[in-house]
Amino acid sequence: MNGPFAKLNALLARHVPEQRIYMRTERTTRYFRATPLFQTAVGAVITVGVCWTVIATSTLMIDRISARSDKTQAQVMQRAYEARLNELSKERDTRALEAQTAQDRFYIALEQISQQQSELLQAEEERRELATGLKIMQKKLQVAIKERDEAQKQSDSVMAEMQAVTGSLSTKLGSANDTEETLTTMARALEDTVAQRDQLETTAEELYTQMSEMSLAHQLKEQQTARIFARLEQAVDVTLGPLEKALSNAGINTDSILDEMRRTHSGTGGPLTALSISTKGDSASQLNRDAVEILDKMDRVGLAKMAVSKLPLSFPVDGGYRNTSGFGYRRDPKTGGRRMHKGNDMAGARGTAILATGDGVVTFAGRQSGYGKLVKIRHVRGFETYYAHMSKIRVKSGQRVSRGERIGDMGNTGRSTGVHLHYEVRINGTAVNPSKYMKAARNVF
């Protein structure tokens, strides 16, 4: 050993003495020299191997612990997400119940208004009849007073003549008897006229009292009707607000879609007709205007409900699920390349109910390449929804379905890595983000 290795070996020999390993056989004895450099090299190799083993083992343990931690954290997040979904579902059911209760109260109040309208019309008719009778009684009273005054004048005239006749010596007894009979007749007629006058005055006072009572009852009815109208308007606003907000959040012009619903559903008839209040006066006109305004809003509520039910503005999954992939470019789970994802993926248990998100007609129900078992539904205004990877299809092509109707079960057919629903929303053939439309109706259904 020459050169630098010899120097290095001599330097190491101070700390690592040379060793000899003897190997003896029956005939010969041989030995192997372990120089300090060789021993140092073998020790370094063993040390490196031990260190690498320790590091690799530590890395594997850390990865396993991290994986367990991530899995536990994912399970905790999943449970929290499912709990949040359950809370949202309960809140949605509560809102739906409140809306149904408000609607029931609305129809009860509408029935009360119809009944009160009939009572108002009847009271108005009775008031008119009493007013007519009062006018007739007033005319009769005036005639009776006039006759009484004439009878009084005649009585005074007869009395004057009688006094004149009584004081005259040329008066005949027959004329006196005639005069007495005439006075008796006039007195009786005068008494009858006075009695009739008193009776007419009593009747007039009673009619005035009835008129006052009817006027007060009419005012109370008007105030009660006004309060009912106010409650009705509030109930209509509570129902109409979320519907218009859902359409606005979906980017749909509310007036245009309502006009379209009005054109396509133009049947006439039904209970919601304009109220006809015959009572004269500013208050009656105001009530009539309020009634027409409320009926217009009720018509708008009906059209808005119809529009929302026909547009894909609800959730397609009935049960627990979690969003696994959203709309937009993503890394393909099969190839790893960057590809456009045209819908939302929602994972859940196999067989979870898949619901139609709006009224429409099924245009396709079967298998289609990477979509697996697929259902397509055509809605109004060029909207179309896709429901892919289902395990079972429950509708047929050409079938008309309603919002919330079950159309299939969640599965793993087609180009899929696990049980989930691939949900798409398309407008005139162009895919759009479904989340926008699912979130739009969050406070409605």
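One is the number of the first residue; the rest follow in order along the sequence.
Counting all heavy atoms, side chain and backbone alike, V425 lies closest to P434 at CG2-CB, 3.9 Å. Across H379 and D359, no two heavy atoms sit closer than the pair ND1-O, 2.8 Å. The two residues P316 and M438 make their nearest non-hydrogen contact at CD-SD, 3.5 Å. Closest approach of G366 to I393, counting heavy atoms only: N-CD1, 3.5 Å. A pairwise comparison of heavy atoms in L421 and A388 identifies CD1-O, 3.6 Å as the closest pair. Across every non-hydrogen atom of T363 and I377, the tightest pair is OG1-N, 4.3 Å.
A tilted orientation is assigned to the rings of Y371 and H422, their planes being inclined by 30° to 60°.
Within the 4.5 Å cutoff, no side-chain heavy atoms of I407 are placed close to those of R394. Considering only heavy atoms from C-beta on, S314 stays 4.5 Å or farther from L355 through its side chain. Y387 is listed as a side-chain neighbour of Y423, based on a closest heavy-atom distance under 4.5 Å.
In this structure, F38 places its CZ atom where only 12 or fewer heavy-atom neighbours from other residues, nucleotides or ligands lie under 6.0 Å away. Annotation for M340: atom CE counts as buried by contact number, over 12 foreign heavy atoms lying within 6.0 Å. Residue R406 places its CZ atom among more than 12 non-hydrogen atoms of other residues, nucleotides or ligands, all under 6.0 Å distant.
One distance of note links OG1 of T352 with CG of D409; it measures 8.5 Å at 0.5 Å rounding. The OH atom of Y329 sits 11.0 Å away from atom CZ of R339, with the distance rounded to the nearest 0.5 Å. Rounding to the nearest 0.5 angstrom, the gap separating the CG atom in N412 from the CE atom in M410 is 11.0 Å. One distance of note links CD of Q78 with CG of L85; it measures 10.0 Å at 0.5 Å rounding. In this structure, NZ in K342 is found 7.0 Å from CD in E424, a value given to the nearest 0.5 Å. Interatomic distance, E384 CD to T430 OG1, rounded to the nearest 0.5 Å: 11.0 Å.
A salt bridge links E87 to R84: one of the charged nitrogens lies within less than 4.0 Å of a carboxylate oxygen.
Although no hydrogens or angles enter the test, the distance criterion places a donor-acceptor pair under 3.5 Å between the side chain of H389 and the main chain of T413. When atom types are taken as modelled, the side chain of K373 and the backbone of S391 share a donor-acceptor pair closer than 3.5 angstrom. At least one donor-acceptor pair closer than 3.5 Å links the side chain of Q39 to the backbone N or O of P17.
The only option from L60, T53, V54 that meets the side chain to side chain contact (heavy atoms under 4.5 Å, CB included) definition with T57 turns out to be T53.
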For this session: Using the side chain to side chain contact (heavy atoms under 4.5 Å, CB included) rule, take N433 and N344 through it: C-alpha gap first, then chi angles, then the decisive distance, then the call.
Result: CA-CA 8 Å; N433 192 349; N344 270 24; 4.0 Å; yes
For this session: Using the side chain to side chain contact (heavy atoms under 4.5 Å, CB included) rule, take I427 and Y437 through it: C-alpha gap first, then chi angles, then the decisive distance, then the call.
Result: CA-CA 12 Å; I427 303 178; Y437 301 95; 3.3 Å; yes
